[in-house]
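Structure first, commentary second.
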2 protein chains.
Amino acid sequence: MKSESILIEDCSQTVLAINDTMEILGGKWKVLIIACLCYQSMRYSELLKKVQGISGKMLSRELKELEVNGLIERNVLATSPVSVAYKITEYGKSLKQLTQTIAEWGLQHRARILKGMRQEKV
Amino acid sequence: MKSESILIEDCSQTVLAINDTMEILGGKWKVLIIACLCYQSMRYSELLKKVQGISGKMLSRELKELEVNGLIERNVLATSPVSVAYKITEYGKSLKQLTQTIAEWGLQHRARILKGMRQEKV
DNA sequence: CAGGATCCGGATTGATACTG
DNA sequence: CAGTATCAATCCGGATCCTG
């Protein structure tokens, strides 16, 4: 019941809210793509390298969905063979905190694993 | 190499870190389950109701994985027909921030949609 | 280079029935 | 109540080929 950040007090509300987010960011790749684009705009081929393991098909599919949802912007550049730059929108930037939180937890988790999981304070 | 909050400066590092998190929280349900259990311990049947849409099979499977990863704890209660209480562990609580961030974004997103998406500041 | 179309195997998940 | 087992449908996603 804090004010500040909207903090939801009800569990059911939280479930609904999380589902909403999931609908947009669900799947295996969207968060990764957003995270990358939060660092800098990239072209298709660059993303293909950065987002480890994604296939071309998946990448274009996910990019399209993100674009539809207004999280990223697509710009075709009139270069020699044609290149396409993807950049995050202002709205998309609202996800930066989220991606960072996820990444940070991942780091901490890894650190914990490497430490051999000592001090299990369960 | 900052101290404080580990803030990752490299995009590739972020991708790896996010993948680590995904391995633990991937799928459609784990975040929801964790979020619920962050509010209070619950029994199987309670979770089944709270986590809208999940099937019994999925619920028990996900719970098992979360338990293996040390995020939740399972306690069989010697009640009449037998009930099982699930509670979050200390380690699991480290995900609370994450679930809240996700939920808050979902709320904001919904608010934005309802507003008819005015002021598209793209 | 960007990305659509197609084919296809494997992973996910739901329904249902069953157990302790 | 808290699961497990089985079957079947679906979806995910990779490989490959093709276009502009």
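Residue numbers begin at 1 in each chain, while the letters A, B, ... track the order of the sequences. Small disclaimer: the values here were computed from a predicted structure and weren't measured. When reading the values below, keep in mind they use all heavy atoms of this one structure, side chains included, and skip hydrogens, waters and symmetry mates.
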TODO: Give a yes/no answer on whether the side chain of A/Lys64 brings an N or O atom under 4.0 Å of OP1 or OP2 in C/dG4.
DONE: yes

Open item on the list: I want to check one thing: is the phosphate of C/dC1, taken as OP1 and OP2, less than 4.0 Å away from some side-chain N or O of A/Arg43?
Closed with: no

TODO: Round to the nearest Å and state the distance from B/Lys57 atom NZ to D/dA5 atom P.
DONE: 11 Å

Task: B/Tyr39 side chain near B/Lys50 side chain, heavy-atom distance below 4.5 Å - done: no

Task: Pairwise side-chain contact, A/Lys87 with A/Leu37, heavy-atom cut-off 4.5 Å (strictly under) - done: no

- [ ] Please state how far atom CG in B/Leu48 lies from atom P in C/dA15, giving the value in whole angstrom units.
- [x] 12 Å

Open item on the list: With nearest nucleotide decided by heavy atoms, which residue, A/Met58 or A/Val82, maps closer to the 5′ end of DNA chain D?
Closed with: A/Met58

Open item on the list: Just N and O in the side chain of A/Arg61: are any of them under 4.0 Å from OP1 or OP2 of D/dG13?
Closed with: no

- [ ] Can you tell me the distance, in whole Å, between the CG atom of B/Leu32 and the C1' atom of C/dT13?
- [x] 15 Å

Open item on the list: With a cut-off of less than 4.0 Å, is there a side-chain N or O of A/Tyr86 near OP1 or OP2 of C/dC1?
Closed with: no

TODO: To the nearest 0.5 angstrom, please state how far the CG atom of B/Leu63 sits from the CD1 atom of B/Ile54.
DONE: 7.0 Å

Task: Separation of atom CD in B/Glu46 from atom P in D/dA2, rounded to whole Å - done: 8 Å

Task: N/O (side chain, B/Arg74) to phosphate O (OP1/OP2, D/dA2) under 4.0 Å - done: no

Task: Separation of D/dG20 C1' from A/Leu77 CG (nearest whole Å) - done: 16 Å

Open item on the list: What contact category does B/Gly53 fall into here, base, sugar-phosphate, or nothing, at under 4.0 angstrom with non-hydrogen atoms?
Closed with: sugar-phosphate

Task: 5' precedence on DNA chain C between B/Glu62 and A/Val84 (nearest-nucleotide basis) - done: A/Val84

Task: Rounded distance in Å - OH (A/Tyr44) to C1' (D/dG20) - done: 15 Å

Task: A/Ser83 vs C/dA2: side-chain N/O to OP1/OP2 distance below 4.0 Å - done: no

- [ ] Kindly say if A/Ser45 contacts the phosphate of C/dA2, meaning a side-chain N or O under 4.0 Å from OP1 or OP2.
- [x] yes

TODO: By nearest nucleotide on DNA chain C, pick out whichever of B/Gly27 and A/Ala85 is the more 5' one.
DONE: A/Ala85

Open item on the list: Once rounded to the nearest 0.5 Å, what's the spacing between atom CD of A/Gln100 and atom CD1 of B/Ile18?
Closed with: 9.5 Å

TODO: Measure from CG on B/Asn75 to P on D/dC1 and round the result to the nearest Å.
DONE: 19 Å

Task: Short side-chain N/O contact to D/dT4 OP1/OP2 from B/Ser60, under 4.0 Å - done: yes

- [ ] Taking the side chain as every heavy atom from C-beta outward, state whether B/Val84 and B/Arg74 have any atom pair closer than 4.5 Å.
- [x] yes

Open item on the list: Rounded to whole Å, please give me the gap between CD in B/Glu65 and C1' in C/dT12.
Closed with: 12 Å

